[in-house]
Structure formats: C-alpha cells, structure tokens
There are 2 protein chains.
Amino acid sequence: MPKAQEEDFLPLRDSVYNKLRQAILTGEYPPGERLMEVHLGDKLGVSRTPIREAIRMLELEGLVTMIPRKGAMVSQITEKNMSDVLEVRRALDILCVQLACERITSEGINELKKARDNFEKAVATNDNRIIAQADVEFHNVIIRATGNDRLISLEDSLSLPMYRYRYEYIKDSSGHDNLVKEHRKIVNAIEKRNPEAAASEAGEHIDNQRRSIMRQIRLEREEETMNALYGKRTIR
Amino acid sequence: MPKAQEEDFLPLRDSVYNKLRQAILTGEYPPGERLMEVHLGDKLGVSRTPIREAIRMLELEGLVTMIPRKGAMVSQITEKNMSDVLEVRRALDILCVQLACERITSEGINELKKARDNFEKAVATNDNRIIAQADVEFHNVIIRATGNDRLISLEDSLSLPMYRYRYEYIKDSSGHDNLVKEHRKIVNAIEKRNPEAAASEAGEHIDNQRRSIMRQIRLEREEETMNALYGKRTIR
DNA sequence: CCGTTTGTTTATGTATACAAAGTCAGAGGT
DNA sequence: ACCTCTGACTTTGTATACATAAACAAACGG
C-alpha cells in the first residue's frame, strides 16, 4: 500500500500554535480581539485542549494576554511596549555582532557574504516581501554565528512582535540604500573581527529601525483616533 | 459578613506551576527526572489538565524539556547552557544599570540605598539564605528602576536557572567583602548617573558570578563522573 | 543462543463532560 | 427614570474518558 501522505506528525497544539501566531502577525486577529476556545476549536476543527495549550504558549511569548476567568485576547501593541522590546533588542543585537566577531568561522563569513549579496539582489527586485525575507535571513546568519542557543531563541521571540511592521520599515527606508549600506558595514566589521565597529553599526541599524517603527505606530494611533471620532468602519 | 478567607484564587495551573518550579529549583526534582502527568497529578491531588499546562509554562522558561510522545523531564544543566544564559544576562544586566542611570527617580535612589544597606546587614548575619534574599532584592530594585517591563520579565526568567547555584555563589565570595564592595560601586555609579562606570561595575559583578557558577558546575560534573565510575548511590 | 516479532503495559495526545465564575439583560421596585 | 437584583447564558477551569504511540518483555523461530 502506497500511503501517500508522509506528513509531518507534529502535535495539534503546535499546528494550532503556528496558525494562531500567523493569524496574529498578519493582523487577521487584530490587537484586542478575544480568542475564545470553543470558537477557535470549531474553526480549526480541534477540541479545546490543543487550543488552550497553544494559547498558553502564545501568552508566554507575549503575543496574547490572558485574564483569569476572563479569557485570552491578542495583546495590545502600545508604543511603550514596542519601545521596551526594541530597547532590549538593541542590547542583544549588539551582543550578537560582538560575539559573531569572536566566533564566526570562515564558512560563516562566506555564508554572511552570501546573505548580504542575496539581500542586495532582493533589493533590486523592489518586491518588499522578498526584501523582508532576505533581511530576516541576513540577521539570522549573524545570530546563528554566535553559537548561543539562548540568544538565538530570545532574538527569535523578540523579533516576533514587530514582524507586523517589517513591511513598512522596508518601504520606509528611502530607496533601501541605507539598508544596503548598513548591512555592508556590518559585514565588513565582522569580517575584520572588529567588535567595536560592529557594535556601533548594529546599534545604528536598530536605531533606524526604531525610528521607522515608532513613526508607523504613531500613524496607526492617529488613524484610530480619527476612526473613534468620525465613526469606525468594520474591520473586515 | 466577615468572609475570613480573602485568599488569592489563583488557578490550579499556576499553583502547580509554582510548586513544580520550586521543586526543580531546590533540586527535589534533579535534572533528568521524568515528569509524568498522572503521577504528579496524584501527588498534588489534581487532574492532568492543570499539570500539562504548568509543564508547558516551565518548558517555555527552559526549566523543562519536552519530547513529543515521550514526555517531559527536568532540563539538564550543561556548562554550555549556563554559559549561554550568563552571556545574555551580562548584556542585559549592563543594559539595566545604564537605563537605571538615566531613569531612576530620587525615591528610587533612596530605595536602592536602602537595599544596599539591607544587603550589608544581611551579610553581617552570615546566614546565606538571608544574604541571597537581600541580594535578589537589591538587583530587583535596579531592574525595576529601568521601567522596562520586557526587560524586567526577561531578567526574571533568565535568573531562574541559576538560583540553584546562588547559595554556593554567596558562600564562595570570600568573606562577602567583594559583594559588598561591588554593590557599593554600582550604587555610587547609578547615583552619579554615570552609565559608563555603572556598566563596567555591573559587568565585573556578573563576571565574578560567572566564575563562581562555572566552578560549581565543574565540581558537580566531576562528582558525577566519580559516581559513574565507582557506583552511584541512590539519590535519596 | 540470538534476533525478530508480537502482545501488553504505560504515558501522552485529544476530546468531551461537568462545575463554577463572570456577564448582561430584563423585570421589578423605589 | 434609575437602580438593583435575579436568572439565564456564555466562557473558562478542571476532571475524566477514550485513542494512539512508544517501550518493554516474552515467546517464537532460526
């Protein structure tokens, strides 16, 4: 018998977790949306148990806020909130490049250069989706080069909350020239194993990101205020 | 009506979570110990559901490792593992004092001085439990002074894995004099709002901690090896 | 005697049932 | 007209039952 489907047998809770995470990050479930267990269970065709476990995981990552006996909702994104995350990420990103300077292998450097070139090619396409993807991959190369598993997973969970803003950030960066230049500088510093230079470039890089994201959030907030004043359209 | 018990009505999962966490941190459940749901449920007098949720939480914090379809066990503490955590904490601790320099209020400074004095009094008692407690509180004052909620919760979960070693660390620090001096230096730097000095002191502080913890882990490992060679005694 | 296979046991994965708390609306009284 | 109380309904909290995979052991065959 052929048994066509050699599917991954990952537990339902993980599958649910991925779906919910995706839905939250793409904005399908906007901040403030209540996540009700039976409802989600019906929608995804599973019982409450895996849903509950998935929600617990999302809560620990900060994407979901739970109030006991009340239920779960998609976390509000406040300026303070995002600012806090970025502040931490700044320190950790700098740590990443510093460690990378010490520990990156020659293969790692090749990989990094490839990621850099890939990013520049992506910029040439002018497709923001491709650019964002290449950008993530570039950073991942650096993060992995640290060899610090805890740092890797922290960076991962701290980047999550701002994936929503990544597009706008990419679009923002005037002609993408800055991004390309910054990436090049970082690669050069790491290649020369110069932690100070790398740290300062990485700091600048994330400061720019911060400016863009903050502007974005303020825009959203203004829009919300307008809606509140002049009547809110339904989301969908 | 008096209604004597104004007890916190925290959900069972949180109560279970606290108990398990405590048991792991005190070493009652040593690394590698399997955590079986029915067994724990019987022991704590609750059903599997809250147990499962508590285990999920512990997993996200890194205290427990899960293998699908296999079960959960207390995470092994490896040197690499601990080193990774300390590397991250070093960066975050430095960030903490830097932010504290910028943001601490005058009440905060008073609180900090009080915590410092408290620590010195604790040292005078020569009771390691009291000293450890005062040390945690001292650091918490600084962490809270940053006003960064994300940083606060990260510091919290990153300190967890090494609570097991805190005693030894305290005991180690020759006569506690170093600890007292380091704390004083940090307080002075923050009071003068001198981020560079504060950063360098905080760095030194955690480097010392690192040395002590690493020595401790190596001792444990040696002991394990001896046991493996000459016959292991039962744990209890 | 060893290896393979199969059955039994044990623990997890998932679903569902029941209990209790919270919410909201409507009836009734002031 | 407003406030309050009550009761139904909604939703989470917890327990339990059933399904399925993994581990171990015993039996069978080579």
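Every chain is numbered from 1 and lettered A, B, ... according to where its sequence line falls, protein lines coming before strand lines. Excluded from the calculations below are hydrogen atoms, water molecules and symmetry mates; all remaining heavy atoms, backbone and side chain alike, are included.
- Protein atom CD1 of A:I67 is 12 Å distant from nucleotide atom P of C:dG22, rounded to whole Å.
- Straight-line distance from the CG atom of A:L10 to the P atom of C:dG13: 12 Å, rounded to whole Å.
- Set against C:dT14, D:dT14, D:dT12, the side chain of A:M36 has D:dT12 as its closest nucleotide.
- No side-chain donor-acceptor contact under 3.5 Å links B:D93 and B:H139.
- The phosphate of D:dG13 has OP1 or OP2 within less than 4.0 Å of a side-chain N or O from B:R13.
- Each of D:dA23, C:dT23, D:dG13 was ranked by its minimum atom distance to the side chain of B:K70; first place goes to D:dA23.
- Residue-to-nucleotide proximity on DNA chain C shows that, of B:L35 and B:T49, the 5′-proximal contact is made by B:L35.
- Regarding A:M57, its CE atom lies at a distance of 11 Å from the P atom of C:dG13, rounded to whole Å.
- Base contact: A:R48 has a heavy atom under 4.0 Å from a base atom.
- When the P atom of D:dT11 is taken as reference, atom CE of A:M66 falls 14 Å away, rounded to whole Å.
- A 4.5 Å side-chain heavy-atom check between A:E107 and A:E111 finds every atom pair outside the cut-off.
- Per the geometry, CE belonging to B:M73 stands 14 Å off P belonging to D:dA23, to the nearest Å.
- A:R21 and A:N18 share no donor-acceptor pair across their side chains, judged by distance under 3.5 Å alone.
- In the set D:dA15, D:dG13, C:dA11, the nucleotide with an atom closest to the side chain of A:R69 is D:dG13.
- Taking atom CD on A:E33 and atom P on D:dT11, their separation rounds to 13 Å, with Å as the unit.
- A salt bridge links A:R144 with A:E137: the closest approach of a Lys/Arg side-chain nitrogen to an acidic carboxylate oxygen falls below 4.0 angstrom.
- Contact check, A:R34 against C:dG22: no side-chain N or O comes under 4.0 Å of OP1 or OP2.
- Nearest nucleotide to the B:L12 side chain, out of C:dG13, D:dT12, D:dA15: D:dA15.
- The CG atom of B:L44 sits 15 Å away from the C1' atom of D:dA15 (whole-angstrom rounding).
- Between the P atom of C:dT10 and the CG atom of B:D42 lies a distance of 14 Å, rounded to the nearest Å.
- Judged purely by distance below 3.5 Å, without hydrogens or angles, the side chains of A:R13 and A:T49 never pair a donor atom with an acceptor atom.
- Which of C:dA11, D:dT12, C:dA15 sits closest to the side chain of A:R52 comes down to D:dT12.
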